[in-house]
Engineer: 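The structure follows.
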Amino acid sequence: MHCPRCGPGSLALLGDHHAGDAPLPGREPDRAAELARALGRQYRVIRLLGRGGFAEVYEVRDQDLQRRLAVKLLRTDLLWSPATLARFKQEARAVARLSHPNILPIHFVRETEGLLFYVMPFCEGRTLTDILRAEGALPPGRALALAEPILQALQHAHEHGLVHRDVKPDNILIESDSGRPLLVDFGIAKDLAGAAGQTQTGYIVGTPLYMSPEQALGQEVDARADIYGMGVVLYHMLTGSPPFEGADSQEIVTRHVHQPVPLATLSRDRVPPWLTAVVLRCLAKHPDDRYPGAQAVLEALADGKEGHGALTPPAATAQPAARSGEAAWVEEGTITATMPRVGGGPRRRHALAALGLVAAGALWASSRPRLPAGPEPAEPAPVSLTVANRLMEPIAVTLDDTGLTVGPGDSVRLPVRSRAPLEVQWAMVQPTTASGAVLGRPVEGTFQHDDPKGELREVVTAGAGGVPRFLPVVVNATGRRVAVAVIQGGDTVDCRCRLQPGDSIGLGYWPLDRTSAVRVTDAGHAVARYNAMLTGVDSITGVMLVRVSRRALVSPLPSERKPPARRDPRSPLQGFLPVPR
């Protein structure tokens, strides 16, 4: 990897901070010496290449085999939780299982002398970020020449149960000698075969510019999150910039979750429509509407290059075409997307959202006529009920004697045995803290149909039953340990959860009114308060995304501070215990 400040390197870093050839302040020289002792006499530490939020990367020389290596060392100047240490070790174990020409291998991992590190080949080259910064938008042919090998590497990783979760230009290294693109830095990869709970729901990891909506909301992710990240990378390569940018991480994430893909930039003459369609499907808001895996994207790209690609929505949302065959919609007056006609209402809106033309929660008014009704069936059609859960927590659904759970973003189709009046009860499964405390308020309801016919569909949203609700998702970017409380209905409810730096948590669902807010407090009693109405709440999921920065914390006035404890001069602890007043 080449950085203007730190010179040639070996692999992408976790974080955005690099160290130049000049030594970093503090303990860096001592750490290099410690690393040399931990590696042994066979290896010689040459220099510090760079430093990220998690790790430092050193160039090392293997004296016996006469080869250059790169050592990724977990930073020792920071305090790490057991979960973070486990994730770092998981990265080494995960990548060591992979064997692909477009993935850098790991030679060995070691934990000794108080250091945790692993050793990889040293690879001269530039990151895709460096190339885009220097050249801007790339021709489609060159963009695909870089993207396709990375998709092949992702397919290999997915087949081995790994999701990268941080696909971005910084993590794509172009080897100088061969021009081979390499996927690097599985530092936050999720091992689908690993121990459950190591990366729990609600813990957000990734890079906001390239993060899928479900990942930004702290949901469980699968290979389709990497498909979204690859869609953002393709968009960036074809246009010269990511689709969603903003002043801070919270603004960027909000746009990923809510805003449609900006087609005005993507609809350039040199980007063929079939390639635009592939990118849009990769960037669908809901995972079900994307390609199911990297191999499916590769096949779509191959079809497009052979002239057989079509701008169509996902098969799951397409309906039979009308007699006229096609309908066209125009986004921002720049590109016409032609697709088989889709019926009006939610299904049509869902199909358009799948292509990124509208946000999943946006209202779509249609004045177009519905498809003509077909002939009446000779026998009554079977009755079924589909329940779609758009909450960020699972719901339990009860029909007759059948009970089942529907996960966040999932749906279930239930056959209805009788045409008698139908009543289905559902209740959200409330989240809990690590100590077992229940978060939020109960959310439940009933679906009723007096004369059920055909295919019935019910959608559970944050406004179910006519009661608006909000789900605060708090990300601690203060660098300090903070406590979180929810203000609702004039009451302040301590959630009894303490967030370490970099952690995030969903606080459950709460009724929404003008006073609804989230309060964050640090150990020094500095406070940040976020009003739900002003911060913004998604009308479908109810998510209120709060990213707390250090600048947002306001220290109390001197008159508001608690008086210090009185000291007892008789105490051997010199009065550090409070004396009753």
Side-chain angles (χ1 to χ4, degrees), residues 163 165 167 204 206-236 242-246 249-266 276-293 296-297 311-318 329 331-332 335 337 339 342 345-364 388-392 407-411 459-463 471 473 536-545:
V163 180
R165 294 205 298 181
V167 178
I204 300 174
T207 303
L209 282 173
Y210 304 91
M211 191 184 298
S212 68
E214 67 271 20
Q215 189 172 346
L217 296 173
Q219 300 176 7
E220 288 290 332
V221 301
D222 55 24
R224 295 170 296 181
D226 285 347
I227 300 305
Y228 187 94
M230 200 63 218
V232 181
V233 171
L234 269 169
Y235 186 104
H236 192 166
F244 302 109
E245 298 180 277
S249 298
Q250 182 172 340
E251 182 178 348
I252 295 169
V253 165
T254 300
R255 290 179 176 177
H256 275 289
V257 173
H258 300 297
Q259 290 189 4
V261 178
L263 293 177
T265 307
L266 188 60
T276 297
V278 173
V279 175
L280 288 176
R281 185 168 175 184
C282 290
L283 292 175
K285 302 294 183 185
H286 197 280
D288 289 345
D289 299 323
R290 298 177 206 143
Y291 293 100
V297 183
L311 186 55
T312 57
T317 59
W329 289 272
E331 174 72 11
E332 298 182 357
I335 183 170
M339 65 187 75
V342 182
R347 296 191 68 176
R348 173 178 172 183
R349 181 171 70 247
H350 185 60
L352 294 172
L355 288 176
L357 296 179
V358 296
L363 294 178
W364 184 268
N389 178 20
R390 295 297 175 255
L391 299 179
M392 307 306 295
D410 291 340
S411 60
V459 181
V460 177
T461 68
L471 166 64
V473 177
V537 176
D538 181 71
S539 60
I540 303 298
T541 64
V543 169
M544 169 193 172
L545 188 59

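Computed from heavy atoms alone, side chains included, the values below leave out hydrogens, waters and symmetry copies. As the structure is a prediction and not an experimental result, all values here were calculated from the model.
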Engineer: Do the non-hydrogen side-chain atoms of Thr541 and Leu391 ever get within less than 4.5 Å of each other?
Structural biologist: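 Not in contact.
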Engineer: Taking side chain as C-beta onward, heavy atoms only, is Tyr210 less than 4.5 Å from Val233?
Structural biologist: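 They are in contact (side-chain heavy atoms under 4.5 Å apart), so the answer is yes.
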Engineer: Minimum heavy-atom separation for Val543 to Leu217, with atom names?
Structural biologist: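 Where Val543 meets Leu217 most closely, the heavy atoms are CG1-CD2, 3.5 Å.
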Engineer: How would you list, by chain and number, every residue that makes a side-chain contact (heavy atoms from CB on, under 4.5 Å) with Ser212, sequence neighbours excluded?
Structural biologist: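 Result, side-chain contact (heavy atoms from CB on, under 4.5 Å) vs Ser212: Glu214, Gln215, Ala225, Tyr228, Arg290.
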Engineer: Walk me through it: do Met544 and Val473 pass the test side chain to side chain contact (heavy atoms under 4.5 Å, CB included)?
Structural biologist: CA-CA 6 Å; Met544 169 193 172; Val473 177; over 6 Å; no
Engineer: Between Gly231 and Cys282, what is the shortest heavy-atom contact and its length?
Structural biologist: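 So the two residues come closest at CA-CB, 3.7 Å.
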Engineer: To check you understand the geometry: which heavy-atom pair defines the closest contact between Ala216 and Leu545, and what is its length?
Structural biologist: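 Scanning both residues completely, I find the closest heavy atoms to be O-CD1, 4.5 Å.
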Engineer: Going by ring pair (Phe, Tyr, Trp, His ring centres under 6.0 Å), name the residues that satisfy it together with Tyr291, two or more places apart in sequence or in a different chain.
Structural biologist: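 Listed in chain order: nothing, the list is empty.
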Engineer: Supply the atom-to-atom distance Arg390 CZ to Asp538 CG, rounded to the nearest 0.5 angstrom.
Structural biologist: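 Reported to 0.5 Å precision, the distance equals 11.5 Å.
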Engineer: Please report the interatomic distance CG(Asp289) to CZ(Arg224), rounded to the nearest 0.5 Å.
Structural biologist: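 Atom-to-atom, Asp289:CG and Arg224:CZ are 9.5 Å apart.
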Engineer: Considering non-hydrogen atoms only, spot the tightest contact between Val167 and Met230 and give its length.
Structural biologist: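 Here Val167 and Met230 meet closest at CG1-SD, 4.0 Å.
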Engineer: Does the Tyr235 side chain pair with the main chain of Leu280, one donor and one acceptor, at a distance under 3.5 Å?
Structural biologist: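 Such a contact is absent between Tyr235 side chain and Leu280 backbone.
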Engineer: Sub-3.5 Å donor-acceptor pair from the side chain of His256 to the main-chain atoms of Phe244, do we have one?
Structural biologist: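 Judged by distance alone, no pair lies under 3.5 Å.
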Engineer: Nearest 0.5 Å, please: how far is CG in Leu234 from CD1 in Ile227?
Structural biologist: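 It is 10.0 Å, given to the nearest 0.5 Å.
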Engineer: If I compare all heavy atoms of Ile252 with all of Glu245, which pair ends up nearest, and what's the gap?
Structural biologist: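 In this case the closest contact between Ile252 and Glu245 is CG1-C, 3.8 Å.
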Engineer: For Glu251, give me all partners under salt bridge (charged side-chain N to carboxylate O under 4.0 Å, His left out), at least two apart in sequence or on another chain.
Structural biologist: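 In terms of salt bridge (charged side-chain N to carboxylate O under 4.0 Å, His left out), with neighbours along the sequence ignored, Glu251 is linked to Arg255.
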Engineer: Would you indicate whether the side-chain heavy atoms of Ser539 and Thr461 approach each other to under 4.5 Å?
Structural biologist: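 With C-beta onward as the side chain, the pair stays apart.
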Engineer: If you compare all heavy atoms of Val232 against all heavy atoms of Pro243, which two are closest, and at what distance to 0.1 Å?
Structural biologist: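 Distance-wise, the nearest heavy atoms are CG1-CD, 3.5 Å.
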Engineer: So do the side chains of Val278 and Thr276 get within less than 4.5 Å of each other, counting heavy atoms only?
Structural biologist: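 When only atoms from C-beta onward are counted, Thr276 and Val278 do not touch, as no gap falls below 4.5 Å.
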